[in-house]
Amino acid sequence: MNLIQELRWRGMIQDIMPGTEEQLNKEMTSAYIGFDPTADSLHIGSLVPILLLVHLQKAGHKPFALVGGATGMVGDPSGKSEERNLLSEEVLKRNQEGVKKQLMQYLDFDPARPNSAEMVNNYDWFKDFTFLHFIRDVGKHITVNYMMSKDSVKKRLEGDSGMSFTEFTYQLVQGFDFYWLYKNKNCKLQMGGSDQWGNIVTGTELIRRKDGGEAFAFTCPLITKADGGKFGKTEKGNVWLDPQKTTPYQFYQFWLNASDEDAEKWIKIFTFLTKDAIDILIHEHKMNPASRTLQKTLALEITVFVHGKEELEKALETTEKLFANQNAPAESLSVDDLEQMEGVIKSIYEKNKIEAGIDIVSFLAETGIFPSKGEARKMVQGGGVSINRKKAGTADINIDAAFLLHKKYILVQKGKKNYYLVEAI
RNA sequence: GGGCAAGUAGCCAAGUGGCCAACGGCAACAGACUGUAAAUCUGUCCUCUUCGGAGUUCGGUGGUUCGAAUCCAUCCUUGCCCA
């Protein structure tokens with residue numbers, strides 16, 4: 001199976017330019033994907049492009065990861081209904097560093113390999129590119145008519161919020177990236193999310209018009225959820241790749257909670273398991289959906305890929321303790337069990353206040369588990385809070401020393417899945 | 001510079017003097033059912049609250065009025081048309 005066939009059955013190809021497959025079969029091809037430094041960490045949405053690069057490298061081609069130091073300053077209008085706010089230069093700089101560090105861990109940068117990965121930053125070639133040179137060398141080759149026919153632009157022109165010249169120019173800036181890489185790194189292929197198609201095509205067009213060169217492209221579909229919700233969001237917001245922002249446990253849980261339908265799609269995209277292996281898993285899962293084979297495998301594979309084996313072990317352990325024996329009383333958990341739970345949010349509380357007794361609502365608010373007493377009360381009354389695995393049905397429960405596990409901990413659940421460990425000091 | 005239209009909660013979107021913390025939808029969170037799914041049903045969803053209420057909102061400011069998201073003035077922002 002060649003690279004394109006492989007990616008096709010995985011459902012990772014949306015649009016593809018004619019000739020791309022032939023080019024990849026012909027020779028080792030350099031290809032790139034751009035990552036915009038809109039935050040100081042990548043989130044799981046960026047995982048798909050990363051995986052594309054990994055697949056590419058596995059197939060013997062040379063991947064380039066481009067950090068959009070320059071494009072990040074402009075703002076990509078694709079998929080945005082409104083003009084975006086510009087990020088300050090310090091923020092961008094910090095983000096670039098963060099993104100760069102993360103990309104480093106997923107690709108093989110060993111220069112001994114003929115197809116070692118490379119990291120580039122488009123800020124490097126844009127910082128000294130003057131406006132005049134830009135409009136002469138780049139702008140001259142692309143007509144405004146062409147630019148306006150792009151979906152990202154058309155939507156904004158038809159909509160009622162307009163579009164600034166800055167964002168309008170974005171596709172040229174990104175297009176020039178491709179040209180630059182083509183010229184200087186012999187890069188002939190660009191990949192990206194399907195929302196990038198327009199921008200990518202501007203690049204191939206620029207290469208053709210400026211140099212008469214031929215360049216290729218394909219995009220992957222944007223990841224969606226079967227229920228129409230946004231992919232990669234949880235109560236706490238984005239699911240990040242940075243373990244400081246999303247702990248490996250939370251990360252693991254995110255994948256474990258995938259619906260059957262999504263899991264079947266995602267396991268192809270987010271793991272490197274072979275077609276045969278996946279077919280078997282899907283079959284097994286259908287025989288016995290309750291065992292959640294697909295979700296478990298998916299979560300396991302992807303957590304190892306992103307955080308490593310060791311972190312996965314910890315995540316599994318915590319999961320085991322918290323969910324395997326849901327009915328086991330909290331008292332059965334050892335001190336070690338409690339202390340080593342990773343991904344459980346910990347907070348501290350004054351011991352003497354507990355010993356004196358305190359109403360549950362104040363307790364929940366003061367430990368920071370809920371932002372206010374009002375919210376804590378509502379959630380308790382709605383049956384959404386458990387203390388030491390026992391549902392707190394009314395707001396008049398009094399927390400006292402009897403609630404302390406091992407004389408120092410209280411395990412609080414907000415909903416079924418959000419655990420908090422309060423330590424009394 | 002001139003004319004027209006618009007700006008309401010995270011988003012979409014009603015409301016056009018009192019019954020407005022503001023219809024409805026989406027998203028989000030929780031409960032029931034389940035498989036730590038999905039679908040469905042229920043509740044919450046501006047802030048705080050001793051759950052009785054209290055406080056701050058409808059682009060900004062100033063005004064009219066007993067009373068304004070709603071009327072007037074002015075400014076800002078956006079779109080469309082003309083120059």
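Owing to the predicted nature of the structure, the values given are computational and were not obtained by experimental measurement. Just so we're on the same page: letters track the sequence lines, and every chain starts at 1.
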Sequence-distant partners of [X], side chain to side chain donor-acceptor pair (under 3.5 Å), two or more places apart:
X: A/Lys286; result: none
X: A/Thr130; result: A/His133
X: A/Ser372; result: none

Expected output is a numbered-order residue list: members of [range] with a heavy atom under 4.0 Å from any atom of RNA chain B. What is it?
range: residues 300-318 of chain A; value: none
range: residues 256-264 of chain A; value: A/Leu256, A/Asn257, A/Ala258, A/Ser259, A/Asp260
range: residues 282-295 of chain A; value: A/Pro289, A/Ala290, A/Arg292, A/Gln295

Legend entry - Gap between atoms CG and P, on A/Leu298 and B/A37 respectively (whole Å): 16 Å

Legend entry - Between B/G31 (C1') and A/Gln413 (CD): distance, integer Å: 14 Å

Inset, instruction - Report, as yes or no, whether the 6.0 Å neighbourhood of atom NZ on A/Lys101 holds more than 12 heavy atoms from other residues, nucleotides or ligands. - result: no

Legend entry - For A/Arg292, salt bridge (charged side-chain N to carboxylate O under 4.0 Å, His left out) partners two or more places apart: none

Inset, instruction - With sequence neighbours left out, write down each residue that passes salt bridge (charged side-chain N to carboxylate O under 4.0 Å, His left out) with A/Glu350, or none if nothing qualifies. - result: none

Legend entry - Stem list, RNA chain B (Watson-Crick or G-U pairing under 3.5 Å, at least 3 consecutive pairs): B:1-7 with B:76-82, B:10-12 with B:24-26, B:28-32 with B:40-44, B:46-48 with B:53-55, B:59-63 with B:71-75

Legend entry - Letter per nucleotide, 5' to 3', of nucleotides 46-56 of chain B [B base touched, S only sugar-phosphate touched, - untouched; heavy atoms, 4.0 Å]: --SBSB-----

Legend entry - Partner of A/Ser41 under side-chain hydrogen bond (donor to acceptor under 3.5 Å, both in side chains), chosen from A/Gln244, A/Gln102, A/Lys245: A/Gln102

Legend entry - Side-chain heavy-atom pair A/Gln174, A/Asn122 within 4.5 angstrom cut-off: no

Legend entry - Listed once per pair and sorted, the side chain to side chain donor-acceptor pair (under 3.5 Å) pairs that draw on residues 397-409 of chain A, sequence neighbours left out: A/Glu339-A/Tyr409

Inset, instruction - Enumerate the residue pairs fulfilling salt bridge (charged side-chain N to carboxylate O under 4.0 Å, His left out) with a member in residues 355-378 of chain A, sequence neighbours excluded, ordered by first and then second residue. - result: A/Lys353-A/Glu366

Inset, instruction - Report yes if a donor N or O on one partner sits less than 3.5 Å from an acceptor N or O on the other, where the partners are the side chain of A/Lys296 and the base of B/U36; otherwise report no. - result: no

